[in-house]
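Everything below concerns the one structure shown next.
Letters A, B, ... mirror the listed sequences (proteins, then strands); counts begin at 1.
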Amino acid sequence: MGILYLFLVPAIAFSALSAGLVFLFGIGLPWIATHSWGTWAMSIWFTALIKMALLLLGIVLPIASLLTWMERKQSAKMQDRIGPNRAAILGATMWGIPHFIADAVKMIMKEDFVPAKANKFLFSIAPLLAVVPVLVTFAIIPFGSDACTGQLFKVVTDTAACGETIPFQVARLDVGLLFYFAIASLAVYGTTLAGWASYNKWSLLGGLRASSQMMSYEVTMGLAILGAFLVFGTLEPSAIVVAQGPNPIHWGIVSQPLGAILFFTAAVAETKRTPFDLPEGESEVIGYFVEYSGMRFGVFFLAEFMEVIFLAAIMTTIFFGGWQVPGLYADGFHIFGNYNMAHGLVLFLQTAFWGMKIMFFCWFQLMIRWTLPRFRPDQLMRLGWKQLLPASLFNIVLTAAVVLWLESK
Amino acid sequence: MSDLIRLKIDGQELTCEKGVNVLEAAKQIGAPISYFCYHPGLSSPAVCRQCLVEVKGQPKLVPSCYTPVAENMEVLTQSEKVLTARQQMLEFTLANHPVDCPICDKAGECTLQKMYSEWDGSHSRIDMDKKHKPKVKDLGPHIVLDAERCILCTRCIRVCNEVAKDPQLTMAWRGDREQLTTSPGEQLDNPYSINTVDVCPVGALTSKDFRFSMRAWELYTTPSVCTGCATGCSDEIHHAKGEIHRLVPRENPDVNKFWMCDEGRFTYKEVRVRRVAVSQLKGQVASFKSAISTAAKGLLSLIDAKQMQLAGIVLNAQASNEDNYVLAKVARALGIENVYLAGRPDQPDFADDILRKSDRNPNTFGARAIGEWMGKPKTTAQLADDLNRGALKALWMLGDHIALDERAVGALDRLEVAIYQSPHENFISEHVSVLLPASGWAEIDGTVTNFKGITQRLRASVEPPGEARPHHELIAMVAAELGVAIEYPNTKSIFFEMSKTVPAFGHASFGREAPPIQLRFAGSRG
Amino acid sequence: MEPVFKKRVSKATILKLQRKNSFEQSMMLPAVVKGLGVTLRHFFNNVAGGERSEAVTVQYPEEKFPYPPRYRGLHRLMHREDGAVRCVACMCCPTACPAHCITIIPEETGNGNEKRPAVFEIDELRCIVCGLCVEACPCDAIRMDTGAHAHPSENRANAILNKIDLLKNATLNDKDPHSTAIQGGVPAWRDTNKTP
Ligand code: SF4
Ligand code: SF4
Ligand code: SF4
Ligand code: SF4
Ligand code: FES
């Protein structure tokens, strides 16, 4: 039962977010913008700021911290245990959910320890270098279709043709996913520097393992997704989502099953979680953040969970139709008959469904993390270079051939 | 030549001198024989029958401790018959033994335990109550008897009769009521009484001093020399965790055989009391460095004034040869010619014709030899005289005993510089300008030479307190500030230099290195 | 399987076997799916709860797992019938103790037992709970059958139990408060039938 609650909480959160966004962008901001003192309200900078704030503070950070609880609870369920069930707010234990608050309090209260000979500056910024790229990449994730300003209660047939729109996406970049690759590969600095700045040979080795692993798998990750680009013909995430449409037959997973699996595998390796957790190896092979304690460690931890969320988001976007709801078109459901709906309601449903998809993939990643044992470094490298890489090249060639053949028809 | 006898033990041929008993002969070839009442330093009464061996041609087993070797004798120490006899004798001995090893001080160095585990090992077959005897019986000022544990070997009685020449112990009653007791109207209070504890093969006799203070197997042993008198009995310092627990005699046929006097055993008690742990300048605690430099400065002013005839050194019979030698060497280098010999005053009532000597210094011989090597050593009486006359301005003294009278000690106050290196505080240390903390005899490596001229080795067993360090190191430090560079990596190098330069030590040996070893690994002393 | 490497080192032979990777193994995915199947089954069973739940967790402070009878708990020093300490300060336990955590200073009692501990301290922080002290004791004077844990303390000094504490611990085991062993004999709780 607790796990249902788990899905309910994000669903409500996502719904609240989308309702807020819909209201804000559909009514609030346009109204402010009509006044001479409020022309800034609809400027791209201000809306982007609002969206980023809502997305990060309203969704990513809460879910990331919730994931710490979820990971413990879910692993317990998988291992015939009970899991956290003690922390309580006013006597309500709520399946142990308050544990994530307790954890946060604990982390903040802990001694902030810096090893005597560590490089203090690098030691301090390494966690930031790990977390900032993840936060930044969220900018390209579309979490709903474009909202048509001032038409919330009307039925809109085509968002592209309704006049002024506000995209439910922080930054609509044409380079889209390239931006993601560029930024995400910066995270390797965080881990490597953390290992190096700790003045500890084990954490240095952990940092080296981390960098070698992340660099190896970045290659596959990029190549695996190339097939999807060929299919959708664009790099821009929101355009990819639109191209997939509300019919699941056209979603990326159908046209690119191999690409999806390869990308998912490589991306899990990027998050450095089991079975690819040899850079950290919490209990056995000492990892790159062994010298970190308190909230500095907490930031690494949080970055890891945000990567989990981001991976879920990117999987959803490219292979699972992003915010698309099966059968829900801009003007309502067209499945087993036509049901027209107000634009606001459609927007709300789409964002909420997007949230559910993300939660599903988070859950799925936790499943994987608690099912598979860790690789050895040689196995890891063999898998990366000898299996995933050729497979992704094969995927590209195959996709290209099929696309060419379809176009030539 | 005709005194050599050839015999066979366990099929092995050997020769030994006439008059030796079979037990000793068997020891030569390492044939194991168990025994209780025999002791190499005592006569053999053959009362315990534990040492029975088979001699070809003899109808009965014979006690090896009492049977002298004979030409062409054939002895079996491991035959079936002998082994059975050994085991049965042990069972007999143990019949009434309380086996309260857990509370027995001898446990761990008990001959009975050792013999039992080597030769018997069977379970008791006695199912009735054991014979009870007094458990805590005061025999004298130093000794307590547990009559139940006594196996009636009479070793202790023989120690009193033959070593102390004072028959204070005897056996009373007969049969299973037989008991050790003091002779009527006597107490076990002769000056060698604690030797009875050493020879007792079991825990029947315990020394009040050591009783219950430490388990034997926890002790570390360091071979050393008793500093109680000029005899210099070889001993072992038994210590644990930086604390000395007892001194026991070490076998040395040239000096003390197997024995040691009670007074000597108690010398360890003085090692740790009234110690000088930090340096003092005129009675005020001072840093080690400043004390050394003050000492050096005082001497330097005399050297600058070319008044070395007003300086003197005091060699001490309480200090080791090496310490005395280094001081003498430095004095020679500085041109000091006044050498005095000091030490504890004679104690005529201490002397006897067994071991004890009236001279209560361990190194009178050595200190005198070094003094003579330097020049013409003067006595302590002459030192007092010179002090009173004001013939001295600087004095460099080794501690700790210097037999000065009150007037002479007062005269120390008037010296320009009086350096006194001593392990202990005493009436002199209050009157000197520089007091340096020195290590005591149990804390240093070095040699002492006894009244016969036999040089023996002192070995460090425990750490010195505070800043204390060996005399020769202190001397070297002061000398370094005076511009006399002497440096020795260890005491051994001093000794070798000394044995080359000082004729009296020409034939002396420094002795082997013997790091402390725990008694449980050193084997039973029984 | 043919070893790819074989070498004899004194009495042992070192073999290195090369496992052949089947296609299925090198694909990994089928195995991953199989593994996921197992974990999913447990996950959903436990989430469903009730009958299907397989969790066996003991809710510690409320529920307690019964310790086995030979569980080595906090030490206790046994009493004699008259309440005096049974220990005779034989020092067998500090000798046996691999952690050097027992400190005993003996004293004379003046009665027939001669010796008893004046100071008996166990540093529970150092103790590795090996039970060798209990084995070593010839008097059945020290036992670890209290079933209690070493108490948590905020101060290292509090973790050092002295003679009084250890004697008080004797009451922790109400089933067996006194030693029935005859002093100097075989403890009653040992198997006496099998003496060789
Ligand atoms: S004398 Fe020896 S055997 Fe007897 S109680 Fe003492 S240690 Fe044990
Ligand atoms: S007290 Fe010791 S030495 Fe004396 S007779 Fe008894 S056992 Fe022998
Ligand atoms: S249980 Fe082991 S470690 Fe603890 S006191 Fe006993 S012997 Fe020492
Ligand atoms: S072993 Fe037993 S009798 Fe001996 S000191 Fe330890 S507790 Fe006391
Ligand atoms: S040793 Fe020979 S009879 Fe005792």
Would you compute the distance between atom CD of C/Glu108 and atom CZ of B/Arg211 and round it to the nearest 0.5 angstrom?
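Interatomic distance, C/Glu108 CD to B/Arg211 CZ, rounded to 0.5 Å: 4.0 Å.
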
Nearest-0.5 Å distance that lies between atom SG in C/Cys139 and atom CG in B/Asp100:
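Nearest 0.5 Å value for the SG-CG distance: 9.5 Å.
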
Please determine whether the number of non-hydrogen atoms from other residues, nucleotides or ligands lying under 6.0 Å from atom [atom1] of [X] exceeds 12.
{"X": "C/Glu63", "atom1": "CD", "value": "yes"}
{"X": "B/Lys269", "atom1": "NZ", "value": "yes"}
{"X": "C/Tyr67", "atom1": "OH", "value": "yes"}
{"X": "C/Glu154", "atom1": "CD", "value": "no"}

Could you check C/Cys92 against B/Arg215 for side chain to side chain contact (heavy atoms under 4.5 Å, CB included), going step by step and ending with a plain yes or no?
CA-CA 9 Å; C/Cys92 287; B/Arg215 295 326 301 257; 5.7 Å; no

Of the non-hydrogen atoms in C/Pro138 and B/Pro102, which two are nearest, and what is the gap between them?
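Reported closest heavy-atom pair: CG-CG, 3.4 Å.
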
